[in-house]
Amino acid sequence: SNGIPLAVLNSGDQEVVRVEWIFNGGQVTEHKKGVAAFAMKLLQEGTLRRSGYALQETLALYGAFLEISPGNERC
């Protein structure tokens with residue numbers, strides 16, 4: 001009714017799951033500035049058996065993604 005065009009794509013029903021891991025920590029528990037953010041960033045860098053790129057490819061294959069959000073009290 002306000003004149004703004006709206007596009008809708010009906011792609012049927014899809015099951016959606018969201019998984020969150022929340023750890024106590026963050027900036028308030030750091031002994032040195034930036035440690036919490038750096039540690040969270042390392043989660044995207046991969047493992048001994050899978051590089052960060054391979055990890056992202058695997059997640060993308062399933063339509064998933066990894067979001068890292070360090071905060072003041074939690075990560």
K.L.:
Please identify each residue that fulfils side chain to side chain donor-acceptor pair (under 3.5 Å) with Glu30, with sequence neighbours left out.
P.N.:
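Counting only residues at least two positions away or on another chain, Glu30 forms no side chain to side chain donor-acceptor pair (under 3.5 Å).
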K.L.:
Please determine whether residues Leu66 and Met40 belong to a single hydrophobic cluster, defined as Ile, Leu, Val, Met, Phe, Trp and Tyr linked transitively by side-chain heavy-atom distances below 4.5 Å.
P.N.:
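Leu66 and Met40: one cluster.
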K.L.:
Is it possible for you to say whether Leu59 and Leu43 belong to one hydrophobic cluster, with membership spreading through side-chain heavy-atom contacts below 4.5 Å?
P.N.:
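Result: yes, single cluster for both.
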K.L.:
Side chain to side chain donor-acceptor pair (under 3.5 Å) with Tyr53: which of Glu57, Arg50, Gln56?
P.N.:
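The residue from Glu57, Arg50, Gln56 that satisfies side chain to side chain donor-acceptor pair (under 3.5 Å) with Tyr53 turns out to be Glu57.
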K.L.:
If you apply the rule side-chain contact (heavy atoms from CB on, under 4.5 Å), what do you find for Val8 with Leu6, and how did you get there?
P.N.:
CA-CA 7 Å; Val8 177; Leu6 174 65; 4.1 Å; yes
K.L.:
Count the heavy atoms belonging to other residues, nucleotides or ligands that lie under 6.0 Å from CG of Asn2, then report whether that count exceeds 12.
P.N.:
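Atom CG in Asn2 is packed in, count exceeds 12.
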K.L.:
Without placing hydrogens or testing angles, list every side-chain donor-acceptor pair under 3.5 Å for residues 68-75, not counting sequence neighbours.
P.N.:
none

K.L.:
Report the residues that fulfil side-chain contact (heavy atoms from CB on, under 4.5 Å) with Val19, sequence neighbours left out, ordered by chain and then residue number.
P.N.:
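Applying side-chain contact (heavy atoms from CB on, under 4.5 Å) to Val19 gives Val17, Trp21.
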K.L.:
If you take all heavy atoms of Ile22 and Glu20, which pair is closest and at what distance?
P.N.:
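So the two residues come closest at CD1-OE1, 3.6 Å.
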